[in-house]
Amino acid sequence: MALMPKRVMHRKAQRGKVRGNATRGNYVAFGDYGLMSTDAGWITAQQLEAARVVLSRSLGNEGRYWCRVFPHKPVTAKPAETRMGSGKGDVVYWAVVVKPGTILFELAGVAENIAREIFRRQSGKLPVRVKFIGRRPTL
């Protein structure tokens with residue numbers, strides 16, 4: 001089953017616009033390496049889960065990972081060949097809104113070359129461009 005919130009305040013949300021760069025969740029906080037989005041867009045819960053499965057299977061028993069985003073946005077659609085009007089469609093899937101600079105996943109406990117390879121595999125499952133990023137040195 002895909003990720004989705006247990007409860008939401010509003011069943012259906014407006015689409016909105018994805019503007020600007022990420023101001024939150026834009027640095028590696030937990031692990032040693034991160035996968036950072038360089039594009040703006042929506043990632044569906046299914047795509048996120050596919051990327052997570054690649055990560056967990058590649059890691060095996062070594063290392064640890066964190067998924068830094070969660071799909072809160074309900075995306076609706078009307079059925080095909082339906083006339084205009086009669087309200088908004090039903091929720092079809094849940095998505096996470098991603099801005100440039102958002103950290104999607106983090107990894108710890110593995111070598112850098114292994115982390116790069118895992119993130120490269122993950123990038124094929126995601127609809128946004130991503131880049132590998134290391135932890136900033138603490139001052």
Give every donor-acceptor pair under 3.5 Å between a side-chain atom in residues 108-116 and any protein atom, sequence neighbours left out.
{"unit_1": "Glu112", "atom_1": "OE2", "unit_2": "Arg116", "atom_2": "NE", "d": "3.1"}
{"unit_1": "Glu112", "atom_1": "OE2", "unit_2": "Arg116", "atom_2": "NH2", "d": "2.9"}

| said: Just to verify, what does Asp90 make a salt bridge (charged side-chain N to carboxylate O under 4.0 Å, His left out) with, not counting sequence neighbours? | reply: none

| said: Using the side chain to side chain donor-acceptor pair (under 3.5 Å) criterion, which residues pair with Glu117? Sequence neighbours excluded. | reply: Arg120, Arg121

| Can you list the steps and then say if Phe105 with Leu55 is a side-chain contact (heavy atoms from CB on, under 4.5 Å)? | CA-CA 9 Å; Phe105 291 94; Leu55 179 57; 3.8 Å; yes

| note | Taken to the nearest 0.5 Å, the spacing of Asn21 CG from Thr102 OG1 works out to 9.0 Å

| note | When rounded to the nearest 0.5 Å, the distance separating OG of Ser56 from CD of Glu49 is 8.0 Å

| With sequence neighbours left out, what residues match Ser123 under side chain to side chain donor-acceptor pair (under 3.5 Å)? | none

| message | Taking ring-ring contact (aromatic ring centres under 6.0 Å, His included) as the cut-off, I'd like each qualifying pair that reaches into residues 110-135, sequence neighbours left out, listed once. | response | Tyr33-Phe132, Phe119-Phe132

| message | Do Leu126 and Phe70 land in one hydrophobic cluster if side-chain heavy atoms of ILVMFWY residues count as linked below 4.5 Å? | response | yes

| request: Spell out, yes or no, whether Met4 and Val91 are grouped together once hydrophobic residues are joined by side-chain heavy atoms under 4.5 Å, including indirect joins. | output: yes

| field | Residue list, ring-ring contact (aromatic ring centres under 6.0 Å, His included) with Tyr27, at least two apart or on another chain | value | none

| request: State, with a plain yes or no, whether a side-chain heavy atom of Val128 is found less than 4.5 Å away from one of Thr38. | output: no

| query | Where do Pro100 and Ala40 come nearest, in terms of heavy atoms and distance? | reply | CD-CB, 3.9 Å

| said: Check for me, please, whether Val98 and Val18 land in the same ILVMFWY cluster - side-chain distances under 4.5 Å, paths through other members count. | reply: no

| query | Who pairs with Arg68 by side chain to side chain donor-acceptor pair (under 3.5 Å), at least two apart in sequence or on another chain? | reply | Glu106

| message | Can a donor-acceptor pair be found, under 3.5 Å and without considering hydrogens, that links the side chain of Lys78 to the backbone of Met84? | response | no

| request: Any chance you could measure Gln14, atom CD, to Thr76, atom OG1, to the nearest 0.5 Å? | output: 10.0 Å

| task | Applying side chain to side chain donor-acceptor pair (under 3.5 Å), name anything that partners Tyr65, two or more places apart in sequence or on another chain. | result | Arg52

| message | Once salt bridge (Lys or Arg N to Asp or Glu O under 4.0 Å) is applied, what residue pairs with a partner in residues 13-23 remain, sequence neighbours excluded? | response | none

| request: If you link ILVMFWY side chains whenever their heavy atoms are less than 4.5 Å apart, which other residues fall into the same cluster as Trp66? By chain and number, please. | output: Phe30

| query | Got a sec, which hydrophobics cluster with Ile103, joining ILVMFWY side chains under 4.5 Å apart, including via others? | reply | Val28, Met36, Ile133

| With distance as the sole test, does Gln47 use its side chain to make a donor-acceptor pair with the main-chain N or O of Thr44 at under 3.5 Å? | yes

| query | Do Val54 and Lys125 pass the side-chain contact (heavy atoms from CB on, under 4.5 Å) test, and can you show the C-alpha distance, the side-chain angles, and the key distance before you say yes or no? | reply | CA-CA 9 Å; Val54 165; Lys125 307 290 180 191; 3.6 Å; yes

| field | Any residue meeting side chain to side chain contact (heavy atoms under 4.5 Å, CB included) with Val8, in chain and number order, not counting sequence neighbours | value | Pro5, Trp94

| said: Treating Lys99 as the side-chain partner and Gly41 as the backbone partner, does any N or O pair qualify as donor plus acceptor under 3.5 Å? | reply: no

| Neighbour count >12 (heavy atoms, 6.0 Å) for atom NZ, Lys131 | no

| query | Within a strict 4.5 Å, meaning less than it, do heavy atoms of the Val75 and Val92 side chains meet? | reply | no

| field | Point-to-point distance, once rounded to the nearest 0.5 Å, from CG of Leu59 to CG of Leu107 | value | 5.0 Å

| Residue pair Leu104, Leu48: steps toward the side-chain contact (heavy atoms from CB on, under 4.5 Å) verdict | CA-CA 9 Å; Leu104 305 174; Leu48 202 62; 5.6 Å; no

| said: Treating Ser37 as the side-chain partner and Val130 as the backbone partner, does any N or O pair qualify as donor plus acceptor under 3.5 Å? | reply: no

